[in-house]
Amino acid sequence: MNTLVTKVVEDVYYIGVNDRETHLFENMWPLPNGVAYNSYVILDEKTALMDTVKSLSTEEFLEKLDSVLQGRDLDYLVVHHMEPDHSGSIRATIAKYPNVKLVSNKKAKEMLQFFYGIGDENFVEVKEGDKLELGSRTLQFFLTTMVHWPESMVSYESKDKLLFSQDIFGSFGALDGAIFDDETNPDKYHEETVRYFVNIVGKYAKQALKALEKLGGLEIKSILPVHGLVWRSNPQRIIQLYIDLASQKKKNGVVLAYGSMYGNTRNMVEVLARYLVEEGVKDVQVFDASKVHKSYITKEIWLNKGLILASCSYDSALYPPMANLLYTIRGNKMTGMVLGVIGTYTWSGGGVKNLITLGEEKGYELLNDDVVEAKCAASKDNQEQLRQLAKAMAAKLREE
Ligand code: FEO
């Protein structure tokens with residue numbers, strides 16, 4: 001039994017749960033430090049639950065909810081986001097509190113029906129700017145469409161100036177005792193906040209910026225997301241980080257991501273990495289796409305201006321681990337990079353050609369004159385070409 005709940009402010013409680021068992025978020029993104037599914041309860045003349053948790057933790061979650069309500073009925077369940085890591089306990093919540101009214105927007109109503117077979121007889125539909133009176137507190141709703149699902153929305157509580165922000169401002173990482181930003185050093189979550197943003201929200205960075213602009217008019221004292229820390233002392237820190245990330249601000253480093261079967265492409269990467277440093281680039285990072293999960297690589301690609309993609313050919317195309325990486329680079333709309341391309345082939349090619357295509361179709365600043373493609377393994381001439389590529393990349397980075 002775990003009925004541990006934490007007061008956020010008077011009559012507002014944190015009842016989230018940690019998930020330290022799941023290996024992959026969305027069955028795809030590694031969770032070495034777990035993840036938290038946050039949920040909150042407001043006690044007023046009416047009671048309101050702000051989102052639920054993944055079905056894996058329903059029992060623990062309902063025990064916590066029960067312990068906050070202390071025999072009171074649940075009047076409202078506000079559904080900010082329908083992804084099952086937050087909606088997974090809705091059906092069980094309704095079963096326990098059959099009078100509860102679900103509060104969300106039209107798109108969520110449809111998803112409730114199709115995910116869970118929940119009809120609309122107890123549904124309160126809200127639109128942009130609508131308000132819900134709870135007694136001494138009022139919730140106001142703002143749609144944050146496509147950050148990162150079409151039904152995504154946030155709510156603002158004006159008495160204590162609380163923003164219930166759903167996935168926005170979230171992070172990977174379970175909460176190790178500390179729920180609030182002032183109970184730990186938030187640096188601990190920085191890398192996982194960035195990896196979460198780039199891979200989960202990044203595709204919708206433009207919409208995220210729009211949502212942040214819209215919320216900019218609100219006085220926000222605390223941010224209560226559905227993952228990661230609750231920001232009650234310095235919400236500006238996470239807001240600024242999101243603004244920086246969403247605008248794809250870049251530093252002058254170079255990421256080299258490669259796919260290599262027998263080491264010949266890797267050898268080219270090793271040489272190029274050394275040459276880049278000799279040309280004055282201070283921040284060089286090398287990633288083997290066969291070994292490092294792509295979410296860690298895309299995080300660094302998002303943050304850095306220089307990008308070298310390197311691949312051997314495989315079945316006349318890209319080496320599959322590189323193709324997988326490119327899928328996310330394309331899909332997550334990463335922009336603003338200077339791209340260098342290198343690789344190897346043995347007979348028909350295909351690796352380098354596909355990397356060039358990516359650069360062209362995404363409008364990256366492709367260092368076209370300095371593409372290096374070696375037959376089987378790098379020759380002395382190829383090595384000299386790598387030197388030229390390093391010079392060209394370093395020169396581009398100095399232009400900033
Ligand atoms: Fe945390 Fe989009 O769900």
Side-chain angles (χ1 to χ4, degrees), residues 14-40 49-58 60-61 77-91 93 102 104-105 107-112 114-116 141-155 163-175 179 189 192-212 215 223-231 238 241-242 245-246 295 298-299 328 331-333:
Y14 174 90
I15 61 162
V17 298
N18 277 325
D19 178 358
R20 300 183 191 275
E21 286 80 37
T22 301
H23 287 266
L24 299 170
F25 188 81
E26 296 179 347
N27 215 12
M28 191 161 37
W29 314 104
L31 292 172
N33 308 320
V35 67
Y37 311 117
N38 300 342
S39 168
Y40 309 88
L49 173 63
M50 314 300 271
D51 297 304
T52 72
V53 301
K54 194 175 170 183
S55 57
L56 173 88
S57 304
T58 300
E60 177 187 345
F61 167 71
L77 164 51
V78 178
V79 179
H80 294 101
H81 179 30
M82 276 298 296
E83 193 165 3
D85 52 335
H86 311 293
S87 65
S89 299
I90 290 179
R91 234 177 2 199
T93 304
L102 270 56
S104 195
N105 55 68
K107 290 192 176 104
K109 180 163 72 176
E110 185 186 280
M111 291 184 191
L112 281 163
F114 284 98
F115 268 120
Y116 303 113
F141 304 100
F142 299 94
L143 304 181
T144 52
T145 308
M146 295 320 297
V147 189
H148 65 124
W149 275 26
E151 86 303 353
S152 299
M153 67 176 201
V154 302
S155 62
L163 179 71
F164 295 91
S165 67
Q166 52 104 10
D167 275 345
I168 307 173
F169 307 122
S171 172
F172 293 135
L175 298 176
I179 308 287
Y189 290 94
E192 286 295 75
T193 303
V194 176
R195 189 167 68 92
Y196 174 88
F197 177 90
V198 169
N199 292 286
I200 308 299
V201 184
K203 184 186 295 188
Y204 306 107
K206 276 192 184 145
Q207 289 91 330
L209 273 177
K210 263 193 208 158
L212 290 170
L215 302 176
I223 292 176
L224 295 79
V226 289
H227 300 291
L229 290 172
V230 175
W231 297 85
I238 190 74
L241 177 62
Y242 258 63
L245 289 172
S295 62
T298 51
K299 171 169 84 72
T328 296
N332 285 21
K333 299 181 181 156

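Whatever order the structure lists them in is the order used to number ligands and atoms, beginning at 1.
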Peer 1: May I ask you to check whether H86 and D51 show a side-chain donor-acceptor distance below 3.5 Å?
Peer 2: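 Not at all, the side chains of H86 and D51 share no donor-acceptor pair under 3.5 Å.
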
Peer 1: What is the name of the N/O/S atom of H81 that is nearest to atom 2 (Fe) of ligand 1?
Peer 2: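 The atom in question is NE2.
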
Peer 1: For the pair T298 and N332, evaluate side chain to side chain contact (heavy atoms under 4.5 Å, CB included) and give the outcome as yes or no after the intermediate values.
Peer 2: CA-CA 9 Å; T298 51; N332 285 21; 5.9 Å; no

Peer 1: From the N, O or S atoms in D85, identify the one nearest to atom 1 (Fe) of ligand 1.
Peer 2: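 The atom in question is OD2.
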
Peer 1: Could you go through Y196 and D167, starting from their C-alpha distance and side-chain angles, then the distance that decides it, and tell me whether this counts as side chain to side chain donor-acceptor pair (under 3.5 Å)?
Peer 2: CA-CA 10 Å; Y196 174 88; D167 275 345; 3.1 Å; yes

Peer 1: Hey, is atom 2 (Fe) of ligand 1 within less than 2.8 Å of some N/O/S atom on H86?
Peer 2: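 Of the N, O and S atoms in H86, none lies under 2.8 Å from atom 2 (Fe) of ligand 1, which means no.
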
Peer 1: Between Q166 and T144, do the side chains contain a donor N or O and an acceptor N or O under 3.5 Å apart?
Peer 2: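 On atom types as modelled, these side chains qualify, holding a pair under 3.5 Å.
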
Peer 1: Taking just the N, O or S atoms of E83, which one is nearest to atom 2 (Fe) of ligand 1?
Peer 2: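 Per the distance ranking, E83 contributes OE1 as its closest N/O/S atom to atom 2 (Fe) of ligand 1.
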
Peer 1: Less than 3.5 Å apart, any donor N or O on the side chain of S87 or Y116 sitting next to an acceptor on the other?
Peer 2: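 Yes - a donor-acceptor pair under 3.5 Å links their side chains.
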
Peer 1: What's the atom name of the N, O or S in H148 nearest to atom 2 (Fe) of ligand 1?
Peer 2: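 For H148, the N/O/S atom sitting closest to atom 2 (Fe) of ligand 1 is NE2.
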
Peer 1: Would you give the angle at atom 1 (Fe) of ligand 1 between D167 atom OD1 and H227 atom NE2, to the nearest 10°?
Peer 2: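 Result: 90°, to 10°.
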
